[in-house]
Each structure stands twice: as C-alpha cells, then as structure tokens.
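The structure appears right after this line, and notes come after that.
Quantities reported herein were computed from a predicted structural model and do not represent experimental measurements.
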Amino acid sequence: MRDFGAGFGYLVQGQKWVGRHGRWFGFGLLPGLVTLILYTGALVGLGYGADDVTAWATPFADDWTSPWLDVFRGTLTALVFAFGLFLAVITFTAVTLLVGQPFYESLSEAVDRSEGGEVPESGLPLWRELWISARDSLRVLLRVAFYGILLFACGFIPVVGQTVVPVIGFCVSGFFLTEELTAVAFQRRGVELKERLGLLRGRRTAVLGFGVPLTLAFLVPFVAVFLMPGAVAGATLMARDLRGETADDDRDGDAQENDQEHGNLSSSSGDQKVHHLPH
C-alpha cells in the first residue's frame with residue numbers, strides 16, 4: 001500500500017506543479033479539449049446505438065419470452081457500452097497525446113528543468129516523434145484490446161463478472177494509461193516500449209496508484225481535459241524516479257531562482273537539500 005500511495009503522490013504532485021505554473025496548465029488544455037469533443041460525439045452515438053447493435057448480433061434470441069429477452073439483451077447492451085467506455089478511457093489519452101505531442105513534450109521538458117539536472121531531448125524531427133508515438137500507441141492499444149475482449153467474455157460469468165472483472169478492468173486501464181502518459185518523458189530519453197513496460201512492471205503497485213485513480217476520474221465528463229496537464233507533469237516525475245534520476249521536489253527551478261535573488265540560499269555550506277520521491 002505504501003508504493004500505491006507513492007504512485008498517487010506523483011499524480012498529486014503533477015497537479016500541484018501545473019497549479020503553480022498556470023501558463024503550462026492553459027497550454028496543456030488545448031489538445032484535450034479537441035479530443036473531448038470527438039469522443040463525446042462517439043460515446044453519445046454508441047449510447048443511442050448499442051441496443052440496436054446488440055439486437056443485430058443476437059438474432060437467435062428474437063423468440064425468447066419476457067423477461068429473459070430483456071434481461072439478456074439489456075445486460076449485453078450494458079457490456080457493449082462498458083467496453084466502449086473502457087476503450088475510450090485508454091485511447092483518449094493516446095489520441096490526446098498524439099494531437100498534443102509538441103504541447104506535452106514542452107510541458108514535460110519544463111518539469112524536468114524545474115526539477116534540476118539534465119533535461120533530455122530526443123533530437124528527432126516532429127514527424128519522427130509523431131510516428132514513434134503513433135506506432136507505440138497502436139501496440140499498446142492492441143494489448144488493451146486483447147485484455148478488453150478477455151474481460152468482456154469473463155463479464156458473462158455469474159457474480160465474478162459483476163464484481164471481480166470490473167476491478168481487474170480498472171487495474172488494466174490504470175496500468176496502460178500510466179504507460180501512455182509516461183511515454184512522453186520516456187520517449188525524450190530514448191526508452192523503447194519494451195523497456196518502458198519493464199520499468200512499469202517493476203513498480204506495478206505504484207503504477208496502479210497513479211493510473212487507477214486517474215482512470216476513475218476520467219470517467220467524469222470534462223475531468224480528463226483538466227487533469228491531463230497535471231497527469232503529464234506527474235508522469236514525468238514518475239519516469240524520472242523509475243530511471244533513478246534525482247529530483248528536488250521541495251522547490252522548482254523558479255523558486256530556486258527567487259531564493260537566489262533574495263539571498264535565501266546559503267552559500268556557506270556545500271550541502272544541498274535533495275529529496276527523492278518515495279519508493
């Protein structure tokens with residue numbers, strides 16, 4: 001549970017970071033707003049058409065008597081919409097990050113700069129970065145689709161399908177959501193998808209502590225848009241820690257400059273107060 005709390009701490013710290021840097025918060029809202037409009041339309045269409053899809057896919061049940069027909073198709077319709085929502089939560093981040101690649105990469109660099117130390121840059125042209133991001137997102141989406149189909153099938157198991165399966169679904173969503181968000185910082189560091197997944201699995205509990213609350217929050221309309229800038233900032237902090245990079249989380253670069261200007265940093269001691277995010 002301690003590592004779960006540490007993961008949640010990255011999320012909170014990321015939101016605090018953009019709260020202190022209002023310009024970056026506004027900068028990071030734009031891609032999410034564009035993606036939200038597209039996804040809202042898609043989910044509304046799915047909500048209206050899910051029952052028709054269910055009826056079309058189950059012609060064998062046309063002759064069933066009530067209430068079995070209504071119960072069967074009603075449950076299946078709910079599962080279809082839940083599956084669509086599951087994919088929306090995962091792909092929303094991927095699409096938003098793809099649309100806002102230049103925005104979020106600049107934001108992530110600003111977080112690295114404020115934490116001190118080296119600020120990695122990919123050195124790749126924008127089209128190359130977009131290609132790598134789209135390619136990796138597709139690979140992740142295929143993994144998500146596999147788990148989604150598996151969980152969808154398990155949803156028909158009595159009791160387990162209504163209790164255990166949704167919990168597992170949120171954990172899967174949280175893990176891959178975190179992967180997509182940390183990819184912004186990892187890609188600038190030249191970390192490939194396979195290595196990223198290995199790093200995240202090594203801190204699985206922390207990853208769930210970051211991703212599961214964010215997944216639940218993303219279910220609330222419009223919340224995803226406002227949390228995305230802070231989520232990218234928090235994911236950058238997590239990526240730094242997973243890579244073993246030091247972080248001064250007591251103060252950002254702007255605060256240090258302010259202290260230097262006012263003579264608040266001691267020059268008589270060679271020691272600097274450096275904190276590491278908890279493991």
Donor-acceptor contacts, no H, no angles, side chain residues 226-236, under 3.5 Å, sequence neighbours left out:
residue : atom : partner : partner atom : Å
Thr236  : OG1  : Ser108  : OG           : 2.9
Thr236  : OG1  : Val232  : O            : 2.9

Show me the side-chain donor-acceptor pairs of residues 37-45 shorter than 3.5 Å, one per line, residues at least two apart or across chains.
residue : atom : partner : partner atom : Å
Tyr39   : OH   : Thr91   : O            : 3.2
Tyr39   : OH   : Thr91   : OG1          : 2.8
Thr40   : OG1  : Leu36   : O            : 2.7

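By the side-chain contact (heavy atoms from CB on, under 4.5 Å) test, Thr77 pairs with Ala50, Asp51, Thr54, sequence neighbours left out. Thr96 pairs by the side-chain hydrogen bond (donor to acceptor under 3.5 Å, both in side chains) definition with Thr35, not counting sequence neighbours. Phe4 meets the ring pair (Phe, Tyr, Trp, His ring centres under 6.0 Å) test with no other residue; sequence neighbours excluded. Taking the side-chain contact (heavy atoms from CB on, under 4.5 Å) definition, one finds that Arg23 meets it with nothing, sequence neighbours left out. In this structure Arg135 satisfies the salt bridge (Lys or Arg N to Asp or Glu O under 4.0 Å) test together with Glu192, sequence neighbours excluded. By the side-chain hydrogen bond (donor to acceptor under 3.5 Å, both in side chains) test, Gln15 is found to be paired with no residue, residues two or more places apart in sequence or in another chain being considered. Under the side-chain contact (heavy atoms from CB on, under 4.5 Å) criterion, Val34 pairs with no residue, sequence neighbours left out. The side-chain contact (heavy atoms from CB on, under 4.5 Å) check on Leu242 picks up Phe186, Leu200, Arg203, Met238, with sequence neighbours excluded. Under the salt bridge (Lys or Arg N to Asp or Glu O under 4.0 Å) criterion, Arg143 pairs with no residue, sequence neighbours left out.
Residue Leu197 is grouped with residue Phe146 when hydrophobic side chains (ILVMFWY) are merged at heavy-atom distances under 4.5 angstrom, including chains of intermediate members. Residue Val223 is grouped with residue Phe210 when hydrophobic side chains (ILVMFWY) are merged at heavy-atom distances under 4.5 angstrom, including chains of intermediate members. Put simply, Val80 and Leu150 are part of two different groups of oily side chains (I, L, V, M, F, W, Y) that touch within less than 4.5 Å, one to the next.
For Pro213 against Leu208, the heavy-atom pair with the smallest separation is CD-O, 3.5 Å. Taking all atoms of both residues into account, the shortest heavy-atom contact from Ser106 to Pro102 is OG-O, 3.0 Å. What you find for Tyr104 and Gly28 is that their closest heavy atoms are OH-O, 2.9 Å. Heavy-atom minimum distance, Gly84 versus Leu46: CA-CD2, 3.8 Å. Heavy atoms only, all atoms of each residue included: Leu30 and Phe103 are closest at CD1-CE2, 3.9 Å. The nearest pair of heavy atoms linking Tyr147 to Val172 is CB-CG1, 4.0 Å.
Other members of a hydrophobic cluster containing Leu138 are absent, since no ILVMFWY side chain comes under 4.5 Å of it, directly or through relayed contacts.
Taking CG from Leu181 and CG from Leu214, the interatomic distance works out to 6.5 Å, rounded to the nearest 0.5 Å. Taking OG1 of Thr182 as the reference point, atom CG of Leu237 lies at 12.0 Å (rounded to 0.5 Å). One finds the CD atom of Glu180 at 8.0 Å from the CZ atom of Arg196 (value rounded to the nearest 0.5 Å).
Under 4.0 Å is where a charged nitrogen must lie from a carboxylate oxygen, and between Glu179 and Arg139 no such pair does. We find that Arg188 and Glu105 are not joined by a salt bridge, their nearest charged nitrogen and carboxylate oxygen being 4.0 Å or further apart.
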Next on the checklist: With side-chain contact (heavy atoms from CB on, under 4.5 Å) as the criterion, how do Ile157 and Val165 come out once you've worked through the C-alpha distance, each side chain's angles and the decisive distance to 0.1 Å?
Outcome noted: CA-CA 9 Å; Ile157 302 175; Val165 171; over 6 Å; no

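Residues Asp241 and Tyr10 are in side-chain contact: their nearest non-hydrogen atoms beyond the backbone lie under 4.5 Å apart. For the pair Arg189/Glu195, no side-chain contact is recorded, criterion being any heavy-atom separation below 4.5 Å from C-beta on.
In Tyr48, the OH atom is not crowded: 12 or fewer heavy atoms of neighbouring residues, nucleotides or ligands sit closer than 6.0 Å. The number of heavy-atom neighbours closer than 6.0 Å to CZ of Phe8, taken from other residues, nucleotides and ligands shown, is 12 or below.
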